[in-house]
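Let me begin by presenting the structure, written as structure tokens, before commenting on it.
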There are 2 protein chains.
Amino acid sequence: MFSKACEYGIRPSIFIAKNSREGRRVSPKEISAEINSPQAFTAKILQALVRNQIINSVKGAYGGFEINKDEIASIKLSQIVEAIDGKKIYSGCGLGLEKCNENHPCPLHDKFKLIRNELKTMLENTNLEELALDIKTGMTFLKT
Amino acid sequence: MFSKACEYGIRPSIFIAKNSREGRRVSPKEISAEINSPQAFTAKILQALVRNQIINSVKGAYGGFEINKDEIASIKLSQIVEAIDGKKIYSGCGLGLEKCNENHPCPLHDKFKLIRNELKTMLENTNLEELALDIKTGMTFLKT
DNA sequence: CTTAATTAAGATAAGTTTATCCTAATTAAA
DNA sequence: TTTAATTAGGATAAACTTATCTTAATTAAG
Ligand code: FES
Ligand code: FES
């Protein structure tokens with residue numbers, strides 16, 4: 001469904017959100033250990049999220065990644081997915097036609113569009129705070 | 001959402017279904033021309049569908065691909081998707097955890113599972129006949 | 001100012017998916 | 001039985017995704 005890159009965007013973001021709520025910056029090393037992902041590759045994705053102003057990085061000693069506490073609740077999953085995988089997941093044809101088009105639909109268009117839209121709505125209505133809270137209470141997990 | 005291979009499984013199947021309803025066998029050449037896909041690669045996917053007994057092939061002169069008329073309505077999209085992409089699309093964790101598990105869920109599990117199940121239901125409740133009929137009436141398209 | 005810690009970024013490698021090419025096997029028709 | 005048409009299948013290549021490695025840039029602390 002999502003690319004590995006996208007997964008390595010979402011899981012770290014949740015982990016960073018959780019820690020930022022507790023006032024702690026985290027390093028790529030700690031992140032990849034906690035979410036069980038390849039460190040250098042994950043760091044690359046984090047760079048992209050920083051460029052997209054979804055997370056903040058602080059360079060140099062005692063630096064790391066963080067998210068402004070008061071922004072955590074307003075960051076939607078859709079922003080992360082779009083920053084990494086683009087919006088093709090929202091707009092692309094399920095059968096691979098060049099464009100998904102009401103006036104030139106593929107045979108699966110009506111049915112596929114419904115599900116694609118639900119996915120979109122879900123991602124747009126899910127924010128980092130709610131995901132981070134479940135992690136904190138040990139109800140959900142980010143690895144294995 | 002689906003891999004290219006899967007798209008090259010679904011679109012040809014619809015095209016073959018439409019033609020089989022009309023009593024015509026089709027060749028990989030005709031198929032890839034009509035659905036605008038790479039011929040050799042598409043042929044490979046067709047081989048896999050034949051091995052999975054979803055479509056029939058007739059070798060030799062005047063051969064080609066076809067589907068038994070009375071089976072078209074009973075072939076579900078889910079069969080094609082599973083034959084090519086496997087069932088990971090139905091069961092895999094949205095955030096890439098090794099297993100999607102009720103007892104060890106990722107933060108997105110509840111919301112993701114809903115959508116994944118809807119996709120599954122949709123594919124299981126869509127058969128080749130209905131898709132082929134829309135093509136035939138010119139209401140839907142398989143290329144560009 | 002120097003040092004040590006840390007993110008950024010580019011180069012490279014490995015792995016997977018997508019695509020092409022060539023030959024073998026099969027079969028209907030002449 | 002020969003021929004021409006056609007699918008099957010293996011080998012290879014190209015493209016893309018995923019992953020690693022090395023160096024540069026930045027910054028807090030001493
Ligand atoms: S045209 Fe295929 S999903 Fe809309
Ligand atoms: S555990 Fe992630 S979707 Fe179920």
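Proteins come first, then strands; the chains are lettered A, B, ... in the order of their sequence lines, and each starts at number 1.
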Q: Go along nucleotides 22-30 of chain C 5' to 3' and tag each nucleotide: B for a protein heavy atom under 4.0 Å from its base, S when only backbone or sugar atoms are that close, - otherwise.
A: ----BBSS-
Q) Which letter, B, S or -, goes with each nucleotide of nucleotides 15-22 of chain D from 5' to 3', with contact meaning a protein heavy atom under 4.0 Å? A) ---SBB--
Q. Any side-chain N or O of Ser57(B) less than 4.0 Å from the OP1 or OP2 oxygen of dA8(D)?
A.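 Ser57(B) to dA8(D) OP1/OP2: side-chain N or O found under 4.0 Å.
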**Q.** Under-4.0 Å side-chain N/O to phosphate OP1/OP2 contact, Arg51(B) with dA8(D)
**A.**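 So the side chain of Arg51(B) is outside the cut-off, no N or O lying under 4.0 Å from OP1 or OP2 of dA8(D).
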Q. Looking only at side chains, do Thr42(B) and Ser32(B) share a donor and an acceptor under 3.5 Å apart?
A.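 Not at all, the side chains of Thr42(B) and Ser32(B) share no donor-acceptor pair under 3.5 Å.
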Q.
Less than 3.5 Å apart, any donor N or O on the side chain of Thr126(B) or Lys76(B) sitting next to an acceptor on the other?
A.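 The answer is no; no qualifying pair exists.
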Q) With side chains defined as the heavy atoms from C-beta onward, is the minimum distance between Phe141(B) and Cys106(A) less than 4.5 Å? A)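 No, too far: nothing below the 4.5 Å cut-off.
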**Q.** Ser74(A) and Asn127(A), any side-chain heavy atoms less than 4.5 Å apart
**A.**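 In short, these two side chains do not touch, never coming nearer than 4.5 Å.
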**Q.** Ile115(B) versus Met122(A), closest heavy-atom pair with distance
**A.**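 Minimum heavy-atom contact is CD1-CB, 3.6 Å.
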Q) Which heavy atom in Cys100(A) sits nearest to a heavy atom in Arg116(A), and how many Å separate them? A)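 Minimum heavy-atom contact is SG-NH1, 3.3 Å.
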Q. Is atom CD of Glu124(A) surrounded by more than 12 heavy atoms (other residues, nucleotides or ligands) closer than 6.0 Å?
A.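 Correct, the count exceeds 12.
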Rounded distance (Å) that lies between atom [atom2] of [N] and atom [atom1] of [X]:
X: Ile45(B); N: dA8(D); atom1: CD1; atom2: P; result: 13 Å
X: Ile31(A); N: dA8(C); atom1: CD1; atom2: P; result: 10 Å
X: Gln47(A); N: dA25(D); atom1: CD; atom2: P; result: 15 Å
X: Leu49(B); N: dT7(D); atom1: CG; atom2: C1'; result: 14 Å
X: Glu66(A); N: dT27(D); atom1: CD; atom2: C1'; result: 14 Å

Q. Can Arg24(A) and Glu30(A) be said to form a salt bridge (charged side-chain N to carboxylate O under 4.0 Å, His left out), step by step?
A. CA-CA 12 Å; Arg24(A) 302 176 55 241; Glu30(A) 189 181 355; 3.1 Å; yes
Q.
Quick test of your reading of the model: are Lys111(B) and Glu130(A) salt-bridged, counting only N-O distances below 4.0 Å?
A.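 Yes, charged N to carboxylate O under 4.0 Å.
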Q) Base, sugar-phosphate, or nothing: which does Arg25(B) touch, judged by heavy atoms less than 4.0 Å apart? A)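 Since no nucleic acid heavy atom lies under 4.0 Å of Arg25(B), the category is nothing.
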